[in-house]
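Reading through the structure tokens given below for one structure.
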Amino acid sequence: MEKWSTATIREFRQTLLAWYDREGRDLPWRHDQDPYHVWVSEIMLQQTQVQTVIPYYLNFMAMFPTVADLAQAPEEQLLKAWQGLGYYSRARNLQRAARQLVDDYRGKWPQTAAELLDLTGIGPYTAGAIASIAFGEVVPAVDGNAFRVFSRLLLIDADIAKPQTRKLFEQVIQPIVDPQRPGAFNQAIMDLGSSYMTAKNSDPAHSPVRAFDASYRENCVADFPVKTKAPRPRPVPYYGLIVTSPAGYLMVQRDATQMLTGYWTFPLIQQADLQDATDQQPATLQTDIAHLEQRFMTDYQLPITLTPLSGQPVSHTYTHQRWQVKLLVAELSSAADLTFYPGKWVAASTIKTLPLPKVQEKLMTRYQNQGHPAAFKQN
DNA sequence: TACCCGTGGAC
DNA sequence: TGTCCAAGGGT
């Protein structure tokens with residue numbers, strides 16, 4: 001690992017910030033230092049590219065201009081505004097924290113990274129980002145960019161996939177952060193990490209800080225950062241039920257024990273949940289359908305007859321799971337009573353006003369493409 | 001600690 | 001088309 005002198009640190013700050021002042025990106029959340037603006041942008045930017053975030057950020061600020069507006073927003077409106085951004089707990093945590101600010105902090109922001117950590121959804125990185133950008137605290141903001149940039153500049157070979165490695169980087173970066181302009185320093189590192197010092201196709205030869213880049217000097221840029229690979233997502237087979245009636249489609253809202261909490265889908269049943277201990281034979285499509293029909297009758301008093309939809313299962317990949325959804329269709333001639341079923345009938349024309357996860361959109365597209373072109377047509 | 005949590009872009 | 005990557009946090 002490289003070790004910089006105090007003189008080198010001074011030169012690095014000056015070079016970096018001069019470049020940032022000249023070529024830093026003009027982004028909507030950089031127009032001021034309002035902590036609400038910084039906060040919302042930082043949450044949206046977690047594991048999400050800048051160009052994806054921009055339209056969401058602009059719409060979010062139009063819908064929820066202040067912390068108080070966010071705290072009071074109906075959850076379904078919030079989830080709709082977040083639809084498509086992914087990692088949906090971010091949205092619900094954002095509102096929880098907004099309510100913490102209103103209720104516990106009387107609307108007055110905590111101004112240090114250590115205090116900001118108390119807000120739901122704000123971790124070490126986001127706390128450092130808000131504290132430095134909005135409040136001028138001299139702290140690092142160690143995200144993927146900081147890992148990548150400093151691992152290359154200083155030849156740090158610690159595995160950034162390990163949680164404990166963040167502490168090492170915080171200790172290394174802390175004395176390098178510009179004490180006069182900590183927010184600009186941290187944002188400059190991010191801009192560097194998304195331009196000349198990217199993960200792939202980096203261009204260290206033209207980087208404004210190439211003179212400080214040990215990995216460039218020693219021709220080993222591609223070796224940094226060191227990061228162990230994530231395991232591949234495991235296949236998870238599902239049945240997706242398209243139950244129609246004159247009242248529309250049967251839809252369910254996912255509960256807090258499930259991923260995609262608060263979003264609406266067709267009824268989805270994991271195939272593994274249909275295993276019957278009394279069965280001696282392995283499950284087949286026919287036996288699973290029989291189980292499903294029986295469950296709807298006995299548990300929900302809903303008589304349905306399920307028919308497989310032709311075609312391969314709808315596939316949707318998450319970070320740790322690969323869903324493979326077989327669609328089964330049941331058409332009811334009248335809108336059955338849903339007293340015993342935790343769902344509701346939704347008219348085809350209004351389905352798309354609900355917050356829907358991507359997998360639900362895929363299911364609807366598949367249904368339309370398999371002989372139901374008029375389904376879900378808006379107005 | 002190790003694992004869970006979404007989506008779209010780039011190659 | 002599969003794979004990796006992108007301004008992480010919660011549990």
Exercise. Assign A/Val53 to base, sugar-phosphate, or nothing according to its heavy-atom contacts below 4.0 angstrom with the strands shown.
Key: nothing
Self-check item: Phosphate-side-chain proximity, A/His320 and B/dA2, N/O vs OP1/OP2 below 4.0 Å
Solution: no
Quiz item: Across the strands shown, which category fits A/Ala199 at heavy-atom distances under 4.0 angstrom: base, sugar-phosphate, nothing?
Solution: sugar-phosphate
Quiz item: Which listed nucleotide (B/dA2, C/dA7, C/dC5) is nearest to the side chain of A/Glu42?
Solution: C/dA7
Practice problem: Tell me what A/Met190 touches on the nucleic acid: a base, only sugar-phosphate, or nothing, going by heavy atoms under 4.0 Å. | Solution: base
Quiz item: Is A/Gln47 near enough to B/dG6 that one of its side-chain N or O atoms lies under 4.0 angstrom from OP1 or OP2?
Solution: no
Quiz item: When you measure from the side chain of A/Asp143, which nucleotide among B/dG8, B/dC11, C/dG8 comes out closest?
Solution: C/dG8
Quiz item: Below 4.0 angstrom, N of the basic side chain to O of the carboxylate: do A/Lys80 and A/Glu76 qualify?
Solution: no
Quiz prompt | Point-to-point distance, once rounded to the nearest 0.5 Å, from CG of A/Asp213 to CZ of A/Phe12 | solution = 9.5 Å
Quiz item: Is any side-chain N or O of A/Thr52 closer than 4.0 Å to OP1 or OP2 of B/dT7?
Solution: no
Quiz item: Which of these nucleotides, B/dG6, C/dG8, B/dG9, is closest to any side-chain atom of A/Thr319?
Solution: B/dG6
Quiz item: Does any donor-acceptor pair link the side chain of A/Arg25 with the base of C/dA7 at a separation under 3.5 Å?
Solution: yes
Practice problem: Give A/Asn186 one of three labels, base, sugar-phosphate or nothing, depending on what nucleic acid heavy atoms sit under 4.0 Å from its own. | Solution: nothing
Quiz item: When all nucleic acid strands are considered with a 4.0 Å heavy-atom cut-off, which category describes A/Ser41: base, sugar-phosphate, or nothing?
Solution: nothing
Quiz item: Does NE2 belonging to A/His206 count more than 12 external heavy atoms closer than 6.0 Å?
Solution: no
Practice problem: Check the surroundings of atom CD in A/Gln174: do more than 12 heavy atoms from other residues, nucleotides or ligands lie under 6.0 Å from it? | Solution: yes
Quiz item: How far does the P atom of B/dC5 sit from the matching atom of C/dA7, given to the nearest Å?
Solution: 23 Å
Quiz item: Salt bridge or not for A/Arg217 and A/Glu2, using N-O below 4.0 Å?
Solution: yes
Exercise. Specify the separation, in whole Å, of atom CG of A/Asn93 and atom C1' of B/dC5.
Key: 11 Å
Quiz item: When we call it a touch if two heavy atoms are under 4.0 Å apart, what does A/Trp82 touch: a base, just sugar-phosphate, or nothing?
Solution: nothing
Self-check item: Nucleotide nearest A/Gln49 (side chain, heavy atoms from C-beta), chosen from B/dG8, C/dT3, C/dG9
Solution: B/dG8
Self-check item: Nearest-nucleotide pick for A/Pro357, side chain only, options being B/dT7, C/dG10, C/dT3
Solution: B/dT7
Quiz item: Which dot-bracket string fits DNA chain C when only Watson-Crick or G-U wobble pairs with both atom distances under 3.5 Å count, crossing pairs get [ ], and | stands for a partner on a different strand?
Solution: .|||||.||||
Exercise. Could you walk me through whether A/Arg295 and A/Asp273 pass the salt bridge (charged side-chain N to carboxylate O under 4.0 Å, His left out) test, one step at a time?
Key: CA-CA 12 Å; A/Arg295 175 183 296 189; A/Asp273 289 345; over 6 Å; no
Practice problem: Using a cut-off of 6.0 Å, state whether more than 12 heavy atoms not belonging to A/Arg106 lie near its atom CZ. | Solution: no
Quiz item: A/Arg92 has an atom CZ; how far is it from atom C1' of B/dC4, in whole Å?
Solution: 13 Å
Exercise. Identify which nucleotide among B/dC4, B/dG9, B/dT7 has an atom closest to any side-chain atom of A/Arg234, counting heavy atoms from C-beta outward.
Key: B/dC4
Practice problem: Look at the side chain of A/Ser89 and the base of C/dG10, then say whether one donor and one acceptor between them are separated by less than 3.5 Å. | Solution: no
Practice problem: Would you indicate what A/Gln187 reaches in the nucleic acid, counting non-hydrogen atoms under 4.0 angstrom: base, sugar-phosphate, or nothing? | Solution: nothing
Practice problem: Name the residue closer to the 5' end of DNA chain B, choosing between A/Pro231 and A/Lys358 according to the nucleotide with the nearest heavy atom. | Solution: A/Pro231
Quiz item: For the atom pair NE2 (A/His372) and CZ (A/Arg366), what is the distance rounded to the nearest 0.5 Å?
Solution: 12.5 Å
Quiz item: Within the pair A/Arg232 and C/dT3, is there a side-chain N or O less than 4.0 Å away from OP1 or OP2?
Solution: yes
Quiz prompt | Along DNA chain C (nearest heavy atom to each residue), the more 5'-positioned of A/Ala230 and A/Asn145 | solution = A/Ala230
Quiz item: So what does A/Arg30 touch, heavy atoms closer than 4.0 Å: a base, only the sugar-phosphate, or nothing?
Solution: base
Self-check item: A/Pro163 side chain, from C-beta outward: closest of C/dC4, B/dG9, B/dA2
Solution: B/dA2
Quiz prompt | A/Arg166 CZ to B/dA2 P, straight-line distance once rounded to whole Å | solution = 15 Å
Quiz item: More 5' along DNA chain C: A/Ser194 or A/Lys229, using each one's nearest nucleotide?
Solution: A/Lys229
Quiz prompt | From C/dT3, B/dT7, B/dG9, nucleotide with atom closest to A/Tyr318 side chain | solution = B/dT7
Quiz item: Among C/dA7, C/dG10, C/dG8, which is the nearest nucleotide to the side chain of A/Thr120?
Solution: C/dG10
Quiz prompt | Atom-to-atom span, CD1 of A/Ile130 to C1' of C/dG9 - whole angstrom | solution = 13 Å
Exercise. Indicate, with a heavy-atom threshold strictly under 4.0 Å, whether A/Ile43 touches base, sugar-phosphate, or nothing.
Key: nothing
Quiz item: Among B/dG6, B/dC11, B/dG9, which is the nearest nucleotide to the side chain of A/Tyr88?
Solution: B/dG6
Exercise. For nucleotides B/dG8 and C/dG9, find the distance between their P atoms and express it as a whole number of Å.
Key: 22 Å
Quiz item: Whole Å only: how far is the OH atom of A/Tyr87 from the P atom of C/dT11?
Solution: 16 Å
Exercise. Ignoring hydrogens and angles, answer whether the base of B/dG8 and the side-chain atoms of A/Thr48 contain a donor-acceptor pair closer than 3.5 Å.
Key: no
Exercise. Rounded to the nearest angstrom, tell me the gap between atom NZ in A/Lys200 and atom C1' in C/dG2.
Key: 11 Å
Exercise. Compute both the distance and the angle, then confirm whether A/Lys344 meets the cation-pi test with A/Trp264: under 6.0 Å from the six-membered ring centre, within 45 degrees of the axis.
Key: yes
Quiz item: Touch check for A/Arg148, heavy atoms < 4.0 angstrom, all strands: base, sugar-phosphate only, or nothing?
Solution: sugar-phosphate
Exercise. Answer with base, sugar-phosphate or nothing: what part of the nucleic acid does A/Gly123 contact at a heavy-atom distance below 4.0 Å?
Key: sugar-phosphate
Exercise. Just call it for A/Leu27: base, sugar-phosphate, or nothing, with non-hydrogen atoms closer than 4.0 Å on any strand.
Key: base
Quiz item: Where each residue is assigned the nucleotide of DNA chain B containing its nearest heavy atom, which of A/Glu361 and A/Gln321 is assigned the position nearer the 5′ end?
Solution: A/Gln321
Self-check item: Ion pair A/Arg30/A/Asp191, N-O distance below 4.0 Å
Solution: yes
Exercise. Rounded to the nearest angstrom, tell me the gap between atom NZ in A/Lys162 and atom C1' in B/dT1.
Key: 10 Å
Exercise. Give the rounded distance in Å between these two atoms: CE of A/Met44 and P of C/dG8.
Key: 15 Å
Quiz item: Between A/Glu361 and A/Lys358, is there a salt bridge with N-O shorter than 4.0 Å?
Solution: yes
